[in-house]
Q: 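Take a look at this one; I'll ask things after.
Chain letters run A, B, ... following the sequence lines, proteins first, then strands; residues in each count from 1. FYI, side chains are in, hydrogens and waters are out, and symmetry mates aren't considered; it's all heavy atoms of this structure.
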2 protein chains.
Amino acid sequence: MTVTEMPAGGVTISAAAELSGLSVDTLRYYEKEGLTLHRPERSSSGQRRYTEDNVRWLGTLVMLRKTGMPIRDIKRFVDLYRIEGSEPQRLAILQAHRVHVLEDLNEVQTHLDAINRKIDYYEEKVLNA
Amino acid sequence: MTVTEMPAGGVTISAAAELSGLSVDTLRYYEKEGLTLHRPERSSSGQRRYTEDNVRWLGTLVMLRKTGMPIRDIKRFVDLYRIEGSEPQRLAILQAHRVHVLEDLNEVQTHLDAINRKIDYYEEKVLNA
DNA sequence: GCTTGACCTGGAGTGCGCTCCAGGGGTCAT
DNA sequence: ATGACCCCTGGAGCGCACTCCAGGTCAAGC
């Protein structure tokens, strides 16, 4: 299943987990922590039903987490969505995060260069052995 | 102080911390975990004295940690240095790690693109408000 | 109507990588 | 010789982000 071919009534938590790449437990954990933009509706028997929007937001959460934003900061970001006209603040958070990510990428890239040099050194050493 | 202008007798743990960018506690922790190639010598009163080589190795540890290698894996890598002729294995670990780092960089880059798109969206929205 | 399996909740447990602390030196300037 | 510092050890504690568990509900298939 892809996110665009989701049934109208929404999907179960396990399907949402697969679609988002998160675990079922993590989905419930994120919801408990208030990271969901809107909590998924419940079926008549109380089970969560994730809509396309719900799943899309999970994608945003993954994006922020994988780029190293802590849960606490994501919480602040989500909370702004509940405040009318907070777009400038949301933008500011994203821009600041972008800077962090770029710095991080840069640092990792520098260390990667060092790894490559070490590999070169060993490749020569091993080849001439 | 830079690593090339270190006194011959070695430097204290706090100096080594500054030079490496790690904390004093982390230095002792790494040593406890067996991540040091050679344990630093001790002064007559039992204090650690880090040589240039010691500090250079700390740089390697930082390189591996900052690129996401777990302590456990670094331990395995260091242990190979105690085995004669283990250069091929050390090389293999570095090559495998390199692949991981590249995959990671790639993933982060992809998420960064998504962040940029979100920023673009908000910039337009905020500008036209 | 019984089993199976996915789901529910609240809360405890885990792994990682540090970080901090108590209690105790040694060294050096005043 | 007193105080200020830095250092030592073993071990406890912490923050983060999950992950797991017990005990229970519900729907569907046989």
Side-chain angles (χ1 to χ4, degrees), chain A residues 1 7 9-36 39-51 54-55 58 60-78 97 100 104 107 111, chain B residues 1 7 9-36 39-51 54-55 58 60-78 97 100 104 107 111:
Chain A
M1 201 199 301
V11 300
T12 63
I13 193 169
S14 60
E18 259 194 50
L19 285 166
S20 63
L22 297 167
S23 77
V24 168
D25 277 317
T26 301
L27 255 46
R28 287 196 276 245
Y29 166 66
Y30 282 180
E31 189 179 330
K32 219 187 279 187
E33 293 297 311
L35 303 192
T36 53
R39 313 193 116 196
E41 302 286 315
R42 299 301 180 108
S43 72
S44 60
S45 64
Q47 295 189 0
R48 290 171 182 79
R49 284 298 120 92
Y50 289 79
T51 65
N54 289 150
V55 174
L58 293 178
T60 302
L61 294 181
V62 168
M63 167 190 95
L64 294 176
R65 284 293 302 125
K66 290 272 188 179
T67 50
M69 188 183 282
I71 299 286
R72 181 177 358 96
D73 293 7
I74 297 180
K75 180 68 166 67
R76 288 198 201 102
F77 182 64
V78 180
H97 183 53
H100 276 296
D104 224 74
E107 197 185 357
H111 289 305
Chain B
M1 199 198 304
V11 299
T12 63
I13 195 168
S14 60
E18 260 195 50
L19 285 166
S20 64
L22 297 167
S23 76
V24 168
D25 277 316
T26 301
L27 256 47
R28 287 196 277 246
Y29 166 67
Y30 282 1
E31 190 180 328
K32 218 187 279 189
E33 293 296 311
L35 303 191
T36 53
R39 313 193 116 196
E41 302 286 316
R42 297 302 178 107
S43 73
S44 59
S45 63
Q47 295 189 0
R48 291 171 182 78
R49 284 298 120 92
Y50 289 79
T51 65
N54 290 151
V55 174
L58 293 179
T60 302
L61 294 181
V62 168
M63 167 190 95
L64 295 175
R65 283 295 300 126
K66 289 275 188 176
T67 50
M69 187 183 284
I71 298 288
R72 181 177 358 94
D73 294 7
I74 298 180
K75 180 70 166 67
R76 288 197 202 103
F77 182 64
V78 181
H97 183 53
H100 276 297
D104 224 73
E107 198 186 357
H111 289 306

Q: Got a second to check how far A:Leu35's CG is from A:Thr60's OG1, nearest 0.5 Å?
A: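 Reported to 0.5 Å precision, the distance equals 11.5 Å.
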Q: For nucleotides 1-10 of chain C, give me one character per nucleotide, 5' to 3': B if any protein heavy atom sits under 4.0 Å from the base, S if the only such contacts are to the sugar-phosphate, - if neither.
A: ------SSB-
Q: List for me each residue that meets side-chain contact (heavy atoms from CB on, under 4.5 Å) alongside B:Asp25, sequence neighbours excluded, and say none if there are none.
A: B:Ser23, B:Arg28
Q: Report yes if at least one side-chain N or O of B:Ser23 is closer than 4.0 Å to OP1 or OP2 of C:dC18; otherwise report no.
A: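 Checking C:dC18 against B:Ser23, no side-chain N or O comes under 4.0 Å of OP1 or OP2.
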Q: Taking only side-chain nitrogens and oxygens of A:Tyr30, does any of them come within less than 4.0 Å of OP1 or OP2 of D:dC18?
A: yes
Q: One thing to verify: whether B:Arg42 and B:Glu31 come together as a salt bridge, which I'm taking to mean a side-chain N less than 4.0 angstrom from a carboxylate O.
A: yes
Q: Atom NZ of A:Lys75 and atom P of D:dC16: how far apart are they, to the nearest Å?
A: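 Rounding to the nearest Å, NZ of A:Lys75 and P of D:dC16 are 15 Å apart.
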Q: Taking only the side-chain nitrogens and oxygens of A:Thr26, find out if one of them lies under 4.0 Å from OP1 or OP2 of D:dT19.
A: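 A:Thr26 to D:dT19 OP1/OP2: side-chain N or O found under 4.0 Å.
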Q: Listed by chain and number, what are the side-chain contact (heavy atoms from CB on, under 4.5 Å) partners of B:Glu41, not counting sequence neighbours?
A: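 side-chain contact (heavy atoms from CB on, under 4.5 Å) check on B:Glu41 returns nothing, list empty.
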Q: Quick one: is D:dC20 close enough that its OP1 or OP2 comes under 4.0 Å of any side-chain N or O from A:Tyr29?
A: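 No, A:Tyr29 has no side-chain N/O under 4.0 Å of OP1/OP2 on D:dC20.
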Q: What is the distance, rounded to the nearest whole Å, between atom CE of B:Met69 and atom P of C:dC18?
A: 14 Å
Q: Rounded to the nearest 0.5 Å, how far apart are CG of B:Leu58 and CG of B:Leu19?
A: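 Separation between the atoms: 9.0 Å.
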Q: Is any side-chain heavy atom of A:Ile71 closer than 4.5 Å to one of A:Tyr29?
A: yes
Q: So, does A:Arg72 get its side chain near the phosphate of D:dA17, meaning an N or O under 4.0 Å from OP1 or OP2?
A: no
Q: Could you state the CD-C1' distance from B:Glu33 to D:dT9, rounded to the nearest angstrom?
A: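 In whole Å, D:dT9 C1' lies 15 Å from B:Glu33 CD.
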